[in-house]
A.B. asks: 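Take a look at this one; I'll ask things after.
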Amino acid sequence: MRDFPQMQKNYARARELMARSGNPTQWGHEFPREAVVLDDIAQHRSILLVDGTGPHERILAQFALCPGEDPTYRHIDGAWLDNDSYVTIHRICSSGLVKHAARECIRWALKHYGNVRADTHPNNKAMQHVLETSGFARCGLIQLLDRPTDTTRIAYQRHEW
């Protein structure tokens, strides 16, 4: 919980960056909502990439790592690589302190879990690039279940066999 204020600042930075790069609607002005981030922390889904230790620790990037079947991924216009167990990366963002921090988060998830899925907005060219250069396959399109508008996302998967 002590990292929550910095996590919120990182998400605000990410929203601003997305808006400036032609993707103003993926997270809008308030996503991820405070309650979602607090729930990620409470459920031990928040993963932080940090440097340093103790009082000198800095958050370089953060994401939610969600185990189990993601209901949003049940229906895909396309096909997943397999039907094996997987984890999902959601709400990834960088603090902007170092380059390639999001890629390091993805590398960590693959090392620890092997079968990883993610999705991103069609306008989020930066995240598409990160996923594709990290070896993820573009599997198709999914529809978000928790939002009333702007719900189409490109779905990705990478499975370390």
A.B. asks: Going only through I, L, V, M, F, W and Y residues with side-chain contacts under 4.5 Å, is there a path from Met18 to Ile154?
C.D. replies: no
A.B. asks: Test Met7 against Ser46 for side chain to side chain contact (heavy atoms under 4.5 Å, CB included), laying out the working first.
C.D. replies: CA-CA 10 Å; Met7 293 171 69; Ser46 291; 3.7 Å; yes
A.B. asks: Are Trp108 and Leu48 connected into the same hydrophobic cluster when the rule is that any two of I, L, V, M, F, W, Y join if their side-chain heavy atoms are below 4.5 Å apart?
C.D. replies: no
A.B. asks: Taking C-beta and beyond as the side chain, do Arg138 and Gln128 meet within less than 4.5 Å on heavy atoms?
C.D. replies: yes
A.B. asks: Taking the six-membered ring for Trp, are Tyr156 and Phe136 parallel (under 30°), tilted (30 to 60°) or perpendicular (over 60°)?
C.D. replies: perpendicular
A.B. asks: Find out whether Glu69 and Arg74 are in side-chain contact, i.e. whether some heavy atom of one side chain is under 4.5 Å from a heavy atom of the other.
C.D. replies: yes
A.B. asks: What is the distance from atom OG1 of Thr151 to atom CD1 of Ile142, rounded to the nearest 0.5 Å?
C.D. replies: 8.0 Å
A.B. asks: Apply side chain to side chain contact (heavy atoms under 4.5 Å, CB included) to the pair Thr72 and Gln143, showing each step before the final yes or no.
C.D. replies: CA-CA 7 Å; Thr72 302; Gln143 299 296 318; over 6 Å; no
A.B. asks: May I ask you to check whether over 12 heavy atoms, not counting those of His112, lie within 6.0 Å of atom NE2?
C.D. replies: yes
A.B. asks: What's the separation between atom OG1 in Thr25 and atom NE2 in His29, rounded to the nearest 0.5 Å?
C.D. replies: 10.0 Å
A.B. asks: Report yes if some heavy atom in the side chain of Cys139 is under 4.5 Å from a heavy atom in the side chain of Ile76; otherwise report no.
C.D. replies: yes
A.B. asks: side-chain contact (heavy atoms from CB on, under 4.5 Å) with Gln157: which of Asp84, Val116, Asn115?
C.D. replies: Asn115
A.B. asks: Applying side chain to side chain contact (heavy atoms under 4.5 Å, CB included), can you list everything that pairs with Asp77, at least two apart in sequence or on another chain?
C.D. replies: Leu141
A.B. asks: Could you report the tightest heavy-atom contact between Arg45 and Cys66, atom names first, then the distance?
C.D. replies: CD-SG, 3.7 Å
A.B. asks: Should the heavy atoms of other residues, nucleotides or ligands under 6.0 Å from CD of Glu160 be counted, would the total exceed 12?
C.D. replies: yes
A.B. asks: How many angstroms lie between CD in Glu16 and OG in Ser21, if you round to the nearest 0.5 Å?
C.D. replies: 12.0 Å
A.B. asks: Taking all atoms of both residues into account, what is the closest heavy-atom pair of Pro122 and Lys125, and its distance?
C.D. replies: O-NZ, 3.1 Å
A.B. asks: Is there a side-chain contact between Arg153 and Leu144 (heavy atoms, below 4.5 Å)?
C.D. replies: yes
A.B. asks: Parallel, tilted or perpendicular: which one describes the rings of Tyr11 and Trp27, with boundaries at 30° and 60°?
C.D. replies: perpendicular
A.B. asks: Using only heavy-atom distances, determine whether the side chains of Arg103 and Thr133 contain a donor-acceptor pair under 3.5 Å.
C.D. replies: yes
A.B. asks: If you look at every heavy atom in Ser95 and Asn10, which pair is closest and at what distance?
C.D. replies: CB-OD1, 3.5 Å
A.B. asks: Looking at Asp70 and Arg117, is there a salt bridge between them, counting it only when a charged N and a carboxylate O are closer than 4.0 Å?
C.D. replies: no
A.B. asks: Dump the intermediate steps for side chain to side chain contact (heavy atoms under 4.5 Å, CB included) on Ile89 and Ile106, then the final yes or no.
C.D. replies: CA-CA 8 Å; Ile89 292 175; Ile106 291 168; 4.0 Å; yes
A.B. asks: What verdict does the side chain to side chain contact (heavy atoms under 4.5 Å, CB included) test give for Tyr113 and Tyr86, after you've listed the backbone C-alpha separation in whole Å, the side-chain angles of each residue and the deciding distance to 0.1 Å?
C.D. replies: CA-CA 7 Å; Tyr113 294 93; Tyr86 62 91; over 6 Å; no
A.B. asks: Going by heavy atoms in the side chains, are Glu34 and Leu38 under 4.5 Å from each other?
C.D. replies: yes
A.B. asks: Hey, could you give me the CG/OG distance between Leu110 and Ser134, rounded to the nearest 0.5 Å?
C.D. replies: 7.5 Å
A.B. asks: How far apart are the closest heavy atoms of Ser94 and Arg13, and which atoms are they?
C.D. replies: O-NH1, 3.2 Å
A.B. asks: Is the shortest heavy-atom distance from the side chain of Pro32 to the side chain of Arg15 under 4.5 Å?
C.D. replies: yes
A.B. asks: Treat each ILVMFWY residue as a node, draw an edge where side-chain heavy atoms are under 4.5 Å apart, and state whether Val87 and Ile92 are in one component.
C.D. replies: yes
A.B. asks: So, for Ala101 and Val98, which heavy atoms are closest and what is the spacing to 0.1 Å?
C.D. replies: CB-CG2, 4.0 Å
A.B. asks: From Arg91 CZ over to Arg33 CZ, what is the distance, rounded to the nearest 0.5 angstrom?
C.D. replies: 9.0 Å
A.B. asks: Is the closest side-chain heavy-atom distance between Glu57 and Gln6 below 4.5 Å?
C.D. replies: no
A.B. asks: So do the side chains of Leu49 and Gln62 get within less than 4.5 Å of each other, counting heavy atoms only?
C.D. replies: no
A.B. asks: Would Phe4 end up clustered with Ile59 when hydrophobic side chains under 4.5 Å apart are linked, directly or stepwise?
C.D. replies: yes
A.B. asks: Kindly compute the distance separating OG1 (Thr120) from CD (Gln26), expressed to the nearest 0.5 Å.
C.D. replies: 4.0 Å
A.B. asks: Would you call Lys111-Glu104 a salt bridge at under 4.0 Å N-O?
C.D. replies: no
A.B. asks: Can you get from Leu65 to Val50 by hopping between Ile, Leu, Val, Met, Phe, Trp and Tyr side chains that sit under 4.5 Å apart?
C.D. replies: no
